[in-house]
Amino acid sequence: MASHYEAPIRKPLVLGDKGYHDVTVDIAAPVEGRANKQWWIVFSIALLAFLWGIGCIIYTISTGIGTWGLNKTVGWAWDITNFVWWVGIGHAGTLISAVLLLFRQKWRMAINRSAEAMTIFSVVQAGLFPLIHMGRPWLGYWTLPIPNQFGSLWVNFNSPLLWDVFAISTYLSVSLVFWWTGLLPDFAMIRDRAVKPFQKKIYSLLSFGWSGRAKDWQRFEEVSLVLAGLATPLVLSVHTIVSFDFATSVIPGWHTTIFPPYFVAGAVFSGFAMVNTLLIIMRKVCNLEAYITIQHIELMNIVIMITGSIVGCAYITELFMAWYSGVEYEQYAFLNRATGPYWWAYWAMMTCNVFSPQFMWFKKLRTSIMFSFFISIVVNIGMWFERFVIIVTSLHRDYLPSSWTMFSPTFVDIGIFIGTIGFFFVLFLLYARTFPVIAQAEVKSILKSSGERYKKLREAGEPSYKIERRATATVETKVTDADSDDNISNLLGSLGTFDAATDVADDLKEIKGVGPEMEKTLNKIGIFTFGQVSKMTGKEYDLLDAIVEKFPGRAQRDDWAGQAKKLNKKK
């Protein structure tokens with residue numbers, strides 16, 4: 001009976017012939033390698049958008065809030081819409097990591113890191129809008145309950161805006177600690193693989209002395225569970241408090257008790273859609289298709305479909321309660337949303353949030369990468385329209401027809417919003433280049449039960465210790481294939497050949513990164529001396545990777561040529 005048996009109906013979460021070292025190499029590659037052309041293009045666009053937003057913020061602060069499209073009737077518009085939208089997006093990251101960790105869901109392990117980072121960066125964007133809306137952001141500390149020595153103003157604890165400050169700061173703090181705790185094993189992995197002393201020192205500081213001992217792992221798991229337990233109620237409380245900004249008022253369309261659960265469901269809905277968007281991009285740009293699989297995308301789509309249906313039920317409940325209440329102002333507010341001047345926004349919201357997720361009932365569509373990417377963007381557009389409809393259409397028709405007005409955004413409104421999107425992607429792209437985007441230690445923990453290679457071995461009824469032997473045999477076969485003869489000839493043409501009659505073979509294991517198996521592989525190719533290895537350049541490194549097809553980029557990253565030159569001089 002094979003160990004770690006798992007029912008055959010379970011699809012593997014890690015595809016391909018991946019071993020433990022392969023996981024390390026694949027996940028470390030985006031951090032250790034150079035950014036590709038696509039990364040620089042996207043980063044440049046995001047940076048330009050961010051700089052545009054900075055310019056609009058400076059213009060707003062120096063001139064005044066009058067640069068926005070607000071008026072006496074519509075006192076809130078794009079600023080609070082964007083604030084609630086960003087807070088909502090930030091919810092799903094912690095939800096994925098915390099709730100799925102508590103329920104021991106293995107599929108979270110390839111996607112939780114990007115989701116947690118998304119939470120941090122989204123909350124940063126959300127926090128910008130209340131500060132800017134204050135008009136004097138340098139007095140933002142007035143929202144904190146500080147002693148009167150810092151000013152005569154004391155905070156109003158009855159204000160939901162004050163509780164926004166408490167909720168978001170607490171949520172950001174817990175999410176940041178949760179994210180950083182999960183990163184410690186990955187920082188240690190990058191630290192141990194680093195070649196440059198400065199890089200090694202930086203990652204040593206970031207890893208907080210992680211050594212990988214059993215005691216480290218015990219504390220890691222305990223702290224992760226405690227933080228998950230703290231973060232889970234925060235997912236519910238933060239957006240509940242955000243909904244109180246509206247529900248505690250007497251404005252028709254806002255004064256409703258369904259807002260707290262409605263806002264939480266909408267936040268999870270939009271957050272999962274943004275996570276899906278980022279994951280589909282990351283799996284392609286960082287070559288992580290083996291770890292972020294179609295199955296992960298499908299499971300995310302199922303959550304989007306369920307939460308989208310919950311949001312649709314909330315819309316229907318709102319309409320029913322407006323009719324059942326018999327209050328003409330409430331009835332008019334919802335009639336105005338559907339048939340008034342902003343009807344296009346209402347029906348865009350309904351189409352994007354209620355109708356589009358229903359396509360996910362079809363397996364062929366929810367397992368399509370391009371369709372999933374399209375729907376995830378549509379959902380985020382729809383959730384922005386939801387906040388816009390709730391805020392603007394409820395305000396622009398007041399109790400008095402004499403104060404009825406329309407809201408139109410200015411270029412400053414649009415610029416600040418685009419700037420926050422640019423800022424978000426700048427942060428996320430920099431994160432992807434400096435931090436591992438997948439929790440490699442956690443992926444390794446499920447490899448034997450959810451890895452494709454291990455599943456095939458179990459189905460054959462063989463013990464797991466045969467895996468490495470098979471991998472070694474595969475590599476030895478590859479370097480003797482006829483297809484690689486041309487590459488070997490080109491490589492030895494640059495490095496020179498070894499003549500056993502006149503030359504003496506060196507102990508290549510003295511080179512960091514060359515173990516006994518790799519030395520045997522190099523000898524099979526015809527590389528025996530430090531002198532040969534010292535002649536390697538980028539071209540030769542590429543040829544070696546093509547021949548061996550194992551540990552790609554390792555030779556160049558560890559600078560085998562530089563090491564070999566030093567060892568050759570010592571002889």
Are the aromatic ring centres of [X] and [Y] under 6.0 angstrom apart?
X: Trp85; Y: Phe417; result: yes
X: Tyr342; Y: Phe407; result: no
X: Phe355; Y: Trp347; result: no
X: Phe320; Y: Trp323; result: yes

Looking at [X], I'd like to know if its [atom1] atom is crowded, meaning that more than 12 non-hydrogen atoms belonging to other residues, nucleotides or ligands lie closer than 6.0 Å.
X: Phe374; atom1: CZ; answer: no
X: Phe359; atom1: CZ; answer: no
X: His133; atom1: NE2; answer: yes

Taking the side chain as every heavy atom from C-beta outward, state whether [X] and [Y] have any atom pair closer than 4.5 Å.
X: Pro252; Y: Tyr332; value: no
X: Ser224; Y: Thr181; value: yes
X: Ile281; Y: Phe373; value: yes
X: Glu298; Y: Met360; value: no
X: Phe272; Y: Met300; value: yes
X: Ser114; Y: Val275; value: no
X: Ile391; Y: Phe246; value: yes
X: Tyr203; Y: Val31; value: yes

Does [Y] offer a backbone N or O that forms a donor-acceptor pair with the side chain of [X] under 3.5 Å?
X: Ser175; Y: Leu172; value: no
X: Asn82; Y: Trp78; value: yes
X: Gln358; Y: Val354; value: yes
X: Asp186; Y: Phe435; value: no
X: Trp68; Y: Val412; value: no
X: Asn301; Y: Ser372; value: no
X: Trp254; Y: Ile390; value: yes
X: Arg113; Y: Gly182; value: yes
X: Thr94; Y: Gly90; value: no
X: Asp413; Y: Thr410; value: yes

Minimum-distance pair of heavy atoms, taken over all atoms of [X] and [Y]:
X: Leu236; Y: Val264; result: O-CG2, 3.6 Å
X: Pro341; Y: Met406; result: CB-CE, 3.5 Å
X: Cys56; Y: Ile416; result: CB-CG1, 3.7 Å
X: Val311; Y: Glu386; result: CG1-OE1, 3.9 Å
X: Ala333; Y: Gly253; result: CB-N, 4.3 Å
X: Ala228; Y: Ala98; result: O-CB, 3.7 Å

Quiz item: Step by step, would you call Val238 with Val87 a side chain to side chain contact (heavy atoms under 4.5 Å, CB included)?
Solution: CA-CA 9 Å; Val238 173; Val87 170; 4.2 Å; yes

Quick one: [atom1] on [X] to [atom2] on [Y], what's the gap to the nearest 0.5 Å?
X: Phe385; Y: Met350; atom1: CZ; atom2: CE; value: 14.5 Å
X: Thr81; Y: Arg387; atom1: OG1; atom2: CZ; value: 9.0 Å
X: Ile89; Y: Gln125; atom1: CD1; atom2: CD; value: 9.5 Å
X: Leu184; Y: Trp180; atom1: CG; atom2: CH2; value: 8.5 Å
X: Lys284; Y: Ile280; atom1: NZ; atom2: CD1; value: 12.0 Å
X: Ser44; Y: Trp39; atom1: OG; atom2: CH2; value: 8.0 Å

Practice problem: Walk me through it: do Tyr315 and Tyr262 pass the test ring-ring contact (aromatic ring centres under 6.0 Å, His included)? | Solution: CA-CA 9 Å; Tyr315 293 161; Tyr262 165 29; 5.8 Å; yes

Exercise. If the plane angle is over 60° it's perpendicular, under 30° parallel, otherwise tilted; pick one for Trp384 and Phe388.
Key: parallel

Practice problem: Assign the ring pair Phe424 / Phe428 to parallel, tilted or perpendicular, where the plane angle (0 to 90°) is split at 30° and 60°. | Solution: parallel

Practice problem: Evaluate the side chain to side chain contact (heavy atoms under 4.5 Å, CB included) criterion for residues Tyr171 and Val123: first the C-alpha distance (whole Å), next the side-chain angles of each, then the deciding distance (0.1 Å), finally the verdict. | Solution: CA-CA 9 Å; Tyr171 182 66; Val123 173; 3.8 Å; yes

Quiz item: Please walk me through it: do Phe83 and Asp79 pass side chain to side chain contact (heavy atoms under 4.5 Å, CB included)?
Solution: CA-CA 6 Å; Phe83 166 74; Asp79 50 340; over 6 Å; no

Self-check item: Candidate pair Trp107 and Ile111, rule side chain to side chain contact (heavy atoms under 4.5 Å, CB included), full reasoning
Solution: CA-CA 8 Å; Trp107 64 274; Ile111 62 179; 3.4 Å; yes

Self-check item: Stepwise side chain to side chain donor-acceptor pair (under 3.5 Å) check, Thr119 with Trp179
Solution: CA-CA 9 Å; Thr119 292; Trp179 178 51; over 6 Å; no

Self-check item: Residues Arg283 and Glu289 bridged, charged N to O under 4.0 Å
Solution: no

